[in-house]
Protein chains: 2
Amino acid sequence: MQSRTPAARTGRPRSAAADAAILAATRAALVELGWSKLTLGDVATRAGVAKTTLYRRWAGKNELVVDAVAVLFDELRLPDSGSLADDIEGVVLQFATILARPEARSGLMAVVAESTRDDALRERIRVSIVDRQKRLVLEGRSRAQARGELPQESDPSSASRTADLIFDVVAGAVVHRTLVSGEAVDTEWARRLARVLLSGLGSTV
Amino acid sequence: MQSRTPAARTGRPRSAAADAAILAATRAALVELGWSKLTLGDVATRAGVAKTTLYRRWAGKNELVVDAVAVLFDELRLPDSGSLADDIEGVVLQFATILARPEARSGLMAVVAESTRDDALRERIRVSIVDRQKRLVLEGRSRAQARGELPQESDPSSASRTADLIFDVVAGAVVHRTLVSGEAVDTEWARRLARVLLSGLGSTV
DNA sequence: CCGCTTTCGATACGACCCGTAGCGTAACTG
DNA sequence: CAGTTACGCTACGGGTCGTATCGAAAGCGG
């Protein structure tokens, strides 16, 4: 059995400052160069760190970018606005704000594209980014049920599938609007989306 | 004024067979290697073509992949099934079938990610891929209005925004389900999505 | 204070891919 | 046949990759 920090009880500890500097440098490089032209050597230089240090901590560009982008999603919060419509609208606008940042736009979609051929990378994205978003959907549903805005679903399996559907619809719509259609997510759009979802969920789904 | 084919009335014409071979080789390379490890030299070798020929026709990897993937979306058709619900379900399943192919998964999202930093590339994607999908949404709406399933909207600006919203929701949800959540789009999921959209659109949106 | 262990910075390395240039040949036009 | 363009082939400098090596630095246990 090992303690919570299994590795390295002896020897020189890894510099936490270097970690932060590397991730910040990665985001800066994403803004200036985009994903495809980002090189690990350049990131190391920006961070004031040797290239070997980078390779010691991350397997490659994909893993590094995932970690660098993941922290952007820390600020996601479910606004307890009192109504489900306002909750949805608030989350959509928050998500869109994050996706408006260039380091999120170019970095996130690139690693998602790479994850189609790398199961470990997909799992890493799921744990550090996607699940954090999905939690908001589950939380919002449970609050709405407590308020009586949504019915308590009897079949747990069906309820789970519905939650998955809503998550894919909300996140997918925002991403598609921002990156593919290339238009901004404003308050009016968020309100329209929330209205469509509410009407759709109110009926027997 | 120039004729429909403005360039090259004299000299040796470009080989149409080479074009097809290159695009097919690109798709094969996408399947085997994915976007990031795909190299133009490898594609040229696979196509039995000199590397210089490739560079004469495409500016770079991004443009080549867009053209190679675009033809996958040629098969998209709006099934005139008689009801809006079935139309939506049919389009969703067709779109999902295309996205299930590995060359579409890895190629499409990668170029979309790149297009966040390249306006010309974004426009190329829009013309050769996105608009082709969007046309189905507009066609489906007009058919549904003819059948009386959807109201004739009075405000054209509002109607346009609604169509944009529906398009982002449908396409975004399918893409997100397939690539981010990593789960298959089956008939049941498509039916649920169609149901949510129909209820949402039926009310005053 | 002193070994032990691990990390860090720096440098060097072969391998690969990039994008372009040059050249001789092939294909088509008038 | 002369003119023009596309093609295959080869070669090139430049950049990035990921790894190896080495001495110095930073903590830990005695």
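Quick note on labels: first sequence line is chain A, next is B, and so on, each numbered from 1. Note that these values count all heavy atoms, side chains included, but never hydrogens, waters or copies made by symmetry.
For DNA chain C, the residues of residues 43-53 of chain B within the heavy-atom distance limit of 4.0 Å (strictly under) are B:Lys51, B:Thr52, sorted by number. Residues from residues 114-124 of chain A placing a heavy atom under 4.0 Å of any atom in DNA chain D do not occur. Within residues 28-39 of chain B, no residue has any heavy atom closer than 4.0 Å to DNA chain D.
One can place CG of A:Leu54 at 14 Å from C1' of D:dT16, the figure rounded to the nearest angstrom. Between the CG atom of B:Leu40 and the P atom of C:dC16 there is a distance of 18 Å, rounded to whole Å. Rounded to whole angstrom, the span from the CZ atom of A:Arg56 across to the C1' atom of D:dT19 amounts to 11 Å. Distance B:Tyr55 OH to D:dC7 P: 16 Å, rounded to the nearest Å. Here C:dT20 presents its C1' atom at 19 Å from CH2 of B:Trp58, a figure rounded to the nearest Å. To the nearest angstrom, P of C:dT5 lies 18 Å from CZ of A:Arg14. Whole-Å rounding puts the B:Lys61 NZ to C:dC16 P distance at 17 Å. Atom CG in A:Asp19 sits about 12 Å away from atom C1' in C:dT7, given to the nearest Å.
Residue order along DNA chain C, read from the 5' end via each residue's closest nucleotide, puts A:Ala18 first among A:Ala18 and B:Asp42.
The side-chain contact (heavy atoms from CB on, under 4.5 Å) test applied to B:Pro79 returns B:Val91, B:Gln94, not counting sequence neighbours. Every residue meeting the ring-ring contact (aromatic ring centres under 6.0 Å, His included) condition with A:Phe167, not counting sequence neighbours, appears here in chain and number order: B:His176.
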List, one per line, each side-chain donor-acceptor pair under 3.5 Å for residues 133-141 of chain A, sequence neighbours excluded.
from	atom 1	to	atom 2	distance (Å)
A:Lys134	NZ	A:Asp164	OD1	2.8
A:Glu139	OE2	A:Arg143	NH2	3.1
A:Arg141	NH1	A:Ala159	O	3.1

Give every donor-acceptor pair under 3.5 Å between a side-chain atom in residues 70-77 of chain A and any protein atom, sequence neighbours left out.
from	atom 1	to	atom 2	distance (Å)
A:Asp74	OD1	A:Arg132	NH1	2.1
A:Arg77	NH1	A:Asp74	O	2.7

Could you run down the sub-3.5 Å N/O contacts of the protein with nucleotides 26-30 of chain D?
from	atom 1	to	atom 2	distance (Å)
D:dA26	O4'	A:Arg12	NE	3.4

| task | Verify side chain to side chain contact (heavy atoms under 4.5 Å, CB included) between A:Arg161 and B:Glu188, making sure each step is shown before the conclusion. | result | CA-CA 10 Å; A:Arg161 281 197 293 264; B:Glu188 192 214 339; 3.0 Å; yes
| task | Starting from the C-alpha separation in whole Å, work towards a yes-or-no answer on side chain to side chain contact (heavy atoms under 4.5 Å, CB included) for B:Leu99 and B:Leu108. | result | CA-CA 9 Å; B:Leu99 280 184; B:Leu108 186 59; 4.1 Å; yes
| message | What verdict does the side chain to side chain contact (heavy atoms under 4.5 Å, CB included) test give for A:Val92 and A:Trp189, after you've listed the backbone C-alpha separation in whole Å, the side-chain angles of each residue and the deciding distance to 0.1 Å? | response | CA-CA 9 Å; A:Val92 165; A:Trp189 189 87; 4.1 Å; yes
| said: What verdict does the side chain to side chain contact (heavy atoms under 4.5 Å, CB included) test give for B:Ser83 and B:Glu89, after you've listed the backbone C-alpha separation in whole Å, the side-chain angles of each residue and the deciding distance to 0.1 Å? | reply: CA-CA 10 Å; B:Ser83 84; B:Glu89 187 181 321; over 6 Å; no
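For the side chain to side chain donor-acceptor pair (under 3.5 Å) condition, the pairs that include at least one residue of residues 18-29 of chain A, sequence neighbours left out, are A:Asp19-A:Arg57. Each salt bridge (charged side-chain N to carboxylate O under 4.0 Å, His left out) pair with one or both residues in residues 103-112 of chain B, not counting sequence neighbours, appears once here: B:Arg101-B:Glu103. Residue pairs satisfying the salt bridge (charged side-chain N to carboxylate O under 4.0 Å, His left out) criterion with at least one member in residues 36-55 of chain A, sequence neighbours excluded, are listed as follows: A:Glu32-A:Arg46, A:Asp42-A:Arg46. For residues 41-65 of chain B, there are no ring pair (Phe, Tyr, Trp, His ring centres under 6.0 Å) pairs, not counting sequence neighbours.
Look at B:Arg124 and B:Asp118 and you find no salt bridge, because none of the NZ, NE, NH1 or NH2 atoms lies under 4.0 Å from a carboxylate O. Ion pair B:Asp87/B:Arg147 flagged as a salt bridge, since at least one NZ, NE, NH1 or NH2 atom sits closer than 4.0 Å to an Asp/Glu carboxylate oxygen.
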